[in-house]
2 protein chains.
Amino acid sequence: MTTTLDTSPSGTEAVTLLDVARVAGVSPSTVSRILNGTARVAPAKREAVEAAIAQLQFRPNIFARSLKTGITMTVGVLTQSIESQFYSRALKGIEVGLEASGHSPIIVSGHWSAETDLASLQLLTSRRVDGLIILTSNISDADVQQLARQQPVVITERALEGPKLRSLHVDQKFGGYLATQHLLALGHTRIAHIAGVENRADAQDRYLGYLQAHAEAGVTPDPRLLVRGNFTDQGGHLAALRLIDSGVPFSAVFCANDDTAQGARLALYQRGLRVPDDVSLVGFDDMPTSSFMTPPLTSVRQPVYEVGLYAARMLLDMMGYPADAVQLPPLELMVRETTRKWQA
Amino acid sequence: MTTTLDTSPSGTEAVTLLDVARVAGVSPSTVSRILNGTARVAPAKREAVEAAIAQLQFRPNIFARSLKTGITMTVGVLTQSIESQFYSRALKGIEVGLEASGHSPIIVSGHWSAETDLASLQLLTSRRVDGLIILTSNISDADVQQLARQQPVVITERALEGPKLRSLHVDQKFGGYLATQHLLALGHTRIAHIAGVENRADAQDRYLGYLQAHAEAGVTPDPRLLVRGNFTDQGGHLAALRLIDSGVPFSAVFCANDDTAQGARLALYQRGLRVPDDVSLVGFDDMPTSSFMTPPLTSVRQPVYEVGLYAARMLLDMMGYPADAVQLPPLELMVRETTRKWQA
DNA sequence: CTGAAAGCGCTAACAT
DNA sequence: ATGTTAGCGCTTTCAG
C-alpha cells in the first residue's frame, strides 16, 4: 500500500464538517456520528458521507472538538533530560504505548531542578493535557498529589497512589544488590562504589543494595571506597580518578549507572589499569550501547523501555481506555566482559 | 523566588475568561485585550483584571483561542529515531529555540521508512501544527514541497527552498574530507571506510569526501576497503569484523558516524588489534559520549544542537517571529586519541 | 478606550 | 435513525 500526500489544488484549507454534511446531503450530526462511531447510521448515508469526506479531503479540526468535549488527546510527559539515552528509551516506550489510542505525547524536559520541573509541568497543564507521565522528577510528593487532582498522572521511581495517581517502581536496591553480589561471588572484597546524584532515591537505593550484599557476605566495605558521581560519564570519570589517585586499593567498581561506568572505564585506562584484568567494572541500566563498550560492560538491566510502555498503558487505563494490568520484567544482571574472578 | 503549585480547594476547574470579566467588572473583550496586549486599557481596569485573574487562578483555554485564531502554538517535529543521541541532541536544540516563543514542539518519530514517515507527518498536520521541522527524513522532495503549502517547514540535510520552505544543510562531504585528510596526513594510505545507510545523502557525501581527500593526496583507495554499515554500533561492529576477516590490510578506519566507530572499536578489540597502535579510528558527529570512549575518539564535530536551535529559529521567522539570520558553525575535526602517525 | 455580539468547527442533548 | 439547536471559551469586528 502506498500512502501519498494529497495533491490538492493548493493550500486552500478550511473544509469543515458542515461542508461535508452539505455535500453528502445529511445533517452535521450525522457526519459527526460517523466520525466518532457514536451511533448507527444507515449504510447509504454512511457511504455518502465517506465519499464526501474523501472528495473534500476533510480532516476534522481537533481543536473544535477539544473545545467541545474537553478532551485534548494529548498527554504530557516530563522528562529529566531528553538527551540522555536512558530517558529517550523510556520516551520511546511511551510513544509506542500511546500509539494505538491516538494520543500524542507532548514532551518537556525539566533540568534536574525542582524549579524548572514545576514550570515545565505548568506548561503541560496549561495545554490541558488529558494525563501526565512524570519520569523521576524532583518535585515534591505533595505537588504530584496536587497535580493528580486535575488529571490522571503516573510517576516513576516512587510509591504514590491515589484515585488518579499511579506509580511505577523498579527495585533499585535489588539491582545494587545483584551487581555487588556478583562481584563478591567472583572473589572481590574491595569493591568501590561510584554513587549517583545525591539525594536521589534511586541512587541511594542502589547504594543500599551494595551495602546489603556486603552484609550478607559478611564483608565490611571500606568507607573510603565510596565516591560520589552524578550519573554522567564526566562525573564517573572524575570520581574514578579521585578514587585511583587516593591510593586506597580496590579490585572492582560498581557504578551507579552505565554513563558513570563509561567515565570510570576511561579513567582506569588513563591510569594504566586494565579492565577486567586489574579491575572489574559493573554498571547499571544496561543501555543499548553498553554492550558495545570496549570491553562490553557487565550491567544491571533495567526495563526502561518497558517502564515507558507500561506507564503509558497505566495512564490510558486511568483515562478510561482499559488496558491489561502489567507487570514489569524484573531486574537482571547482564554479565559481559568487564568482570572477572579475583584472587588476591 | 519559589514557585508553588496552587493549593486551590480542589480540582474544580473551569474558570473562564467570562468569570474574570465578571469579577473584575469589565467586559470579556477587555480581559482578552489585556491577555493578549492587543490594545491599551485603562490602568485601573488592568489592575482589576489582573487581580481577578490571580484570585480565580484563571488560565486561558488555548483550545478556544486556537479555534478562533487558527493558531495552535505547536510545531511538529519529525525525527528519525528519538532514541539516537544524535537526534535527541537536535531535539534539545529545537526545544530551546522554541522556548521563548511559547510554542511547544510535538515530536513524532518516523522509523527510517518513507511509509511511516509520511504517516507521522500526517499525524502532525492533523494536529494543525503551525510549522514543521523535519529532521532528515525519507520522504520525497515533492511531498515536502506539498507539505510546505499548508504551513512553513524547515528541513535538514537537503537544499530545498520555497515561500514557506527553508533548509539547513551542513557540508557532509567536507566532513568526510576532513577526517580522511587527517588520516592521510598522519601517513596512512590504506584507509578503510565503513559507510552509512545506503542511499542516504549524508552517508554518500561523507564517502565522497573520503574520495576527494584521497584524490588530492594522490592515493588511490582500495575498493575492498569500503564496507557498508548502517549508522549503528551493531552495523559498525559487523562491518569491521567483515573487514578484518577479509584479510585486506589497512591501518586506519574512517567510520560514517560515531556509533559505527564504537562498534568498529569493539571489533578491533575482539580481534586483538590495538587502537591507535595498530589501527587509527575516526568517527563522525562527535557525540558527547565519544570523548569518553576508550580511548577518546577522534571525530568530526557536527553542530547538531545548533542545527536544532537554528531550525527552530528559521521556522519561527517564517511564522512571523522575526529572528536574526543565523550561520551554522562549520564542521571541525576533534583530534583525540584514536589516531596516530603511521609508518609502514 | 471599552462593550456588544457574532462566530471559529465541532458535539450532544433533545426532538422527531 | 437522523435532524435541530445550543453552546464549548475565546477573539474580534463594529459601534459608541
Side-chain angles (χ1 to χ4, degrees), chain A residues 12-50 52-53 56-74 102 125-130 150-151 320, chain B residues 12-50 52-53 56-74 102 125-130 150-151 320:
Chain A
T12 355
E13 284 286 338
V15 21
T16 76
L17 177 147
L18 231 80
D19 298 324
V20 174
R22 206 171 300 126
V23 170
V26 302
S27 79
S29 10
T30 300
V31 179
S32 173
R33 286 191 261 259
I34 291 177
L35 250 27
N36 302 292
T38 313
R40 286 236 302 276
V41 305
K45 306 215 176 204
R46 147 163 276 121
E47 274 170 38
V49 168
E50 278 165 356
I53 289 177
L56 300 174
Q57 297 183 173
F58 167 69
R59 304 170 79 187
N61 182 321
I62 65 168
F63 286 82
R65 174 181 298 174
S66 294
L67 181 55
K68 183 70 196 178
T69 62
I71 296 170
T72 64
M73 296 303 278
T74 55
T125 55
S126 82
R127 290 210 162 262
R128 290 180 151 66
V129 292
D130 296 335
Q150 340 264 324
Q151 72 278 99
Chain B
T12 353
E13 282 288 335
V15 22
T16 77
L17 178 147
L18 231 79
D19 299 324
V20 175
R22 206 171 301 126
V23 170
V26 300
S27 79
S29 5
T30 300
V31 179
S32 172
R33 285 191 263 259
I34 290 174
L35 249 28
N36 302 290
T38 315
R40 287 238 303 278
V41 305
K45 304 211 175 206
R46 147 163 276 121
E47 275 170 37
V49 168
E50 278 165 355
I53 290 179
L56 300 174
Q57 299 184 168
F58 167 69
R59 304 169 79 186
N61 182 322
I62 65 168
F63 286 80
R65 175 181 297 174
S66 295
L67 181 56
K68 187 70 195 171
T69 62
I71 296 169
T72 63
M73 296 302 278
T74 55
T125 57
S126 82
R127 288 207 163 263
R128 290 181 150 67
V129 293
D130 296 334
Q150 339 263 328
Q151 72 279 95

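Chain letters run A, B, ... following the sequence lines, proteins first, then strands; residues in each count from 1.
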To the nearest Å, how far apart are B:Asp19 CG and D:dC8 P? 11 Å

In whole Å, what is the span from the CD1 atom of A:Ile34 to the P atom of D:dT2? 8 Å

Output the rounded distance in Å from CG (A:Leu67) to C1' (D:dG7). 9 Å

Do A:Ser29 and A:Ser32 get their side chains close enough for a donor-acceptor pair, meaning under 3.5 Å? no

Identify the heavy atoms of A:Val15 and A:Phe58 that sit nearest to each other, and give their distance. O-CD1, 3.3 Å

Between D:dG3 atom C1' and A:Lys45 atom NZ, what is the distance in whole Å? 9 Å

Taking atom types as modelled, find out whether B:Thr125 and A:Arg59 have a side-chain donor-acceptor pair closer than 3.5 angstrom. yes

Test your reading of the model: is there a side-chain donor-acceptor pair from B:Asp19 to the backbone of B:Thr16, 3.5 Å cut-off? yes

Taking N or O atoms only and anything under 3.5 Å, show me the protein contacts with nucleotides 10-13 of chain D, one pair per line.
| unit_1 | atom_1 | unit_2 | atom_2 | d |
| --- | --- | --- | --- | --- |
| D:dC10 | OP1 | B:Asn61 | N | 2.9 |
| D:dC10 | OP2 | B:Leu17 | N | 2.3 |
| D:dT11 | OP1 | B:Asn36 | OD1 | 3.4 |
| D:dT11 | OP1 | B:Asn36 | ND2 | 3.3 |
| D:dT11 | OP1 | B:Arg65 | NE | 2.6 |
| D:dT11 | OP1 | B:Arg65 | NH2 | 3.2 |
| D:dT11 | OP2 | B:Ser32 | OG | 3.0 |

List the atom pairs, with distances to 0.1 Å, where a side-chain N or O of residues 61-69 of chain B and a protein N or O form a donor-acceptor pair under 3.5 Å, not counting sequence neighbours.
| unit_1 | atom_1 | unit_2 | atom_2 | d |
| --- | --- | --- | --- | --- |
| B:Asn61 | OD1 | B:Phe63 | N | 2.7 |
| B:Asn61 | OD1 | B:Ala64 | N | 3.1 |
| B:Ser66 | OG | B:Ile62 | O | 2.8 |
| B:Ser66 | OG | B:Ile71 | O | 2.8 |
| B:Thr69 | OG1 | B:Arg65 | O | 2.9 |
| B:Thr69 | OG1 | B:Ile71 | N | 3.1 |

Closest approach of A:Met73 to B:Arg127 (non-hydrogen atoms, all atoms of both residues): O-NH2, 2.6 Å

Measure from CZ on B:Arg127 to C1' on C:dG9 and round the result to the nearest Å. 16 Å

